[in-house]
Student: 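Take this structure, written in structure tokens, and hold onto it; I'll ask about it next.
Order of the sequence lines sets the chain letters (A, B, ...), proteins ahead of strands, with each chain counted from 1.
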Amino acid sequence: MKRNNRLIINLFALVVVLLFGFISILAVTDGRSGLTMFSADLQHRVSYAFLLKSVSHPERASNATVEPGGRDYEDGAANVVTSVVVDYRMLDTFGEVLVLFAAAAGVGLLMTERKRVVEHDASIVVKTAVPLVMLFAIITGAYIVLHGHLTPGGGFPGGAIIASGFILQFLAFRESPKRLIFKILESLAGLGILAVGLVGLFVKGSLFANFIATGTLGATISAGTVLIIYLLIGIKVAAELASISGDFIGGEQRIGG
Amino acid sequence: MVTATFLLSAFSLILVGIFGMLTRKNIIRILLAVNILETGVNLLLVSFGYFRGGKAPIITAPISASNLPFVDPLPQALVLTSIVIGLGTTALALAITLRYYRRRRTLEFEPDEEDFASVEGARTLMRDSDDSTSVTEGKDLHPGSNVPSDREPAGAKERAK
Amino acid sequence: MEIWVVVLGVLMVVGAIAVLFQRSLRNSIITFGIISLMSALIMAMMKAYDVAITEASIGAVLTTAIFFWSLKRVEEDGYDEKK
């Protein structure tokens with residue numbers, strides 16, 4: 001009876017999935033009105049305005065040029081994906097910051113306590129190598145965060161790499177992984193992001209507007225609030241992921257850093 | 001041909017993820033299938049913006065309206081958000097799974113007699129359930145009501161120190 | 001160059017089916033980590049470098065690690081998957 005049930009469930013799921021796949025492929029490759037999925041060139045897409053940095057004045061797009069070394073564009077980041085994520089669609093990124101905060105709070109609230117198990121210490125090789133590897137991990141993570149507007153990367157992968165450095169320390173030295181300083185740092189960084197948005201609201205009239213003059217495209221200090229916001233996001237994501245991992249690894253709560 | 005390969009492999013991952021969500025019993029396997037589904041969706045979104053012979057959207061040379069050799073940067077921005085949210089959702093779901101295992105002693109997703117018994121039978125089962133695995137366990141402070149018997153009040157007191 | 005795309009795509013789909021049908025949970029989680037890493041490679045082939053480094057550092061490293069920690073906790077509490 002059990003075996004028969006499993007077979008029926010598997011067959012039914014297979015039929016549903018194949019039906020869904022068939023209908024989706026039919027719907028996507030439908031070319032009856034002359035337009036297929038790939039008819040739109042980059043000229044006809046929304047990213048046309050994002051690439052030429054002319055979102056507020058779209059009539060200037062057809063004769064705009066963007067070059068490294070030019071000054072005072074609408075958004076001075078050389079990495080176009082960063083300018084979309086942090087400047088043009090910052091409200092979505094703020095929503096994502098909120099979702100991560102809710103997940104970290106939920107994990108901290110719902111986590112169970114571990115039994116007192118006897119754990120062996122890590123070997124001498126691990127204990128010697130981990131401080132060195134942690135140094136390189138934190139430096140690499142900080143580099144990726146700080147150069148988010150020039151090279152691929154940004155606050156999210158940089159924060160994850162910094163958190164990996166701290167996770168190595170939790171696992172190798174058995175120090176208490178639940179620290180209050182991570183949660184304080186995360187909350188302060190979140191408040192900082194909101195403060196930058198509110199300053200933009202009062203200075204320029206819309207939330208998260210770019211109120212610092214964007215300098216030269218391609219310089220290290222450029223692109224106004226993009227650098228500040230990505231720095232704060234990097235700190236926040238690093239503290240959050242380290243605190244989530246600390247809750248999963250388990251241990252006693254330690255008050256104070 | 002290359003674009004079609006990207007699209008087809010991403011779509012197949014979505015189909016495998018849906019199949020896994022529908023048929024598996026173990027909760028951790030269901031969560032793995034959800035993660036495969038999310039990976040597939042992210043791949044599909046990024047492959048919608050790929051042009052053959054396009055370059056990465058970083059400005060290193062002067063560009064103008066007739067000279068745009070880039071791939072589409074907008075789906076990449078959306079997928080960046082989606083990957084991080086997938087991690088947050090998975091972490092919260094695994095925390096709930098750990099609680100579920102403490103309570104039910106099994107990681108399978110089947111209903112057992114507790115769900116079908118009467119309310120009085122369920123109360124008896126909950127009061128007698130053996131939750132003695134954690135050291136700082138508090139007693140069942142509300143016998144007779146439907147409050148779960150994990151030591152939540154003791155944990156809240158310890159956290160507020 | 002095109003042959004590598006096809007090979008990676010086929011390997012990803014085979015690995016995804018293997019995740020669901022493997023007997024031991026530990027093997028499933030390891031295979032899922034491999035799928036995440038291959039997906040990061042394919043994103044780098046699509047010239048989406050931001051997304052590739054984010055998926056490699058968050059999907060392939062942190063999600064797999066979180067699955068392993070929760071599996072270790074559940075086994076400490078007495079979970080035996082051969083029952």
Student: Return yes when atom CZ of Phe68(C) has more than 12 non-hydrogen atoms of other residues, nucleotides or ligands closer than 6.0 Å, and no otherwise.
Tutor: yes
Student: So do Ile161(A) and Val61(C) actually touch side chain to side chain, heavy atoms under 4.5 Å?
Tutor: no
Student: Extract the chain A to chain C donor-acceptor pairs under 3.5 Å, no hydrogen or angle test applied.
Tutor:
residue	atom	partner	partner atom	Å
Thr112(A)	O	Arg73(C)	NH1	2.8
Thr112(A)	OG1	Arg73(C)	NH1	3.3
Arg114(A)	NE	Glu76(C)	OE1	3.3
Arg114(A)	NE	Glu76(C)	OE2	3.4
Arg114(A)	NH2	Glu76(C)	OE2	2.6
Lys115(A)	NZ	Glu76(C)	O	3.0
Gly153(A)	N	Asp50(C)	OD2	3.1
Asp247(A)	O	Arg73(C)	NH2	3.0
Phe248(A)	O	Arg73(C)	NE	3.2
Phe248(A)	O	Arg73(C)	NH2	3.3

Student: Should we count CZ of Phe21(C) as having more than 12 external heavy atoms under 6.0 Å?
Tutor: yes
Student: Among the options Gly153(A), Gly159(A), Gly154(A), pick out the one with the most heavy-atom pairs lying under 4.5 Å from chain C.
Tutor: Gly153(A)
Student: Could you tell me whether the side chain of Val51(C) reaches within less than 4.5 Å of the side chain of Val81(A), counting heavy atoms only?
Tutor: no
Student: Let me know if Leu62(C) has heavy atoms under 4.5 Å from chain A in its side chain, its backbone, both or neither.
Tutor: side chain
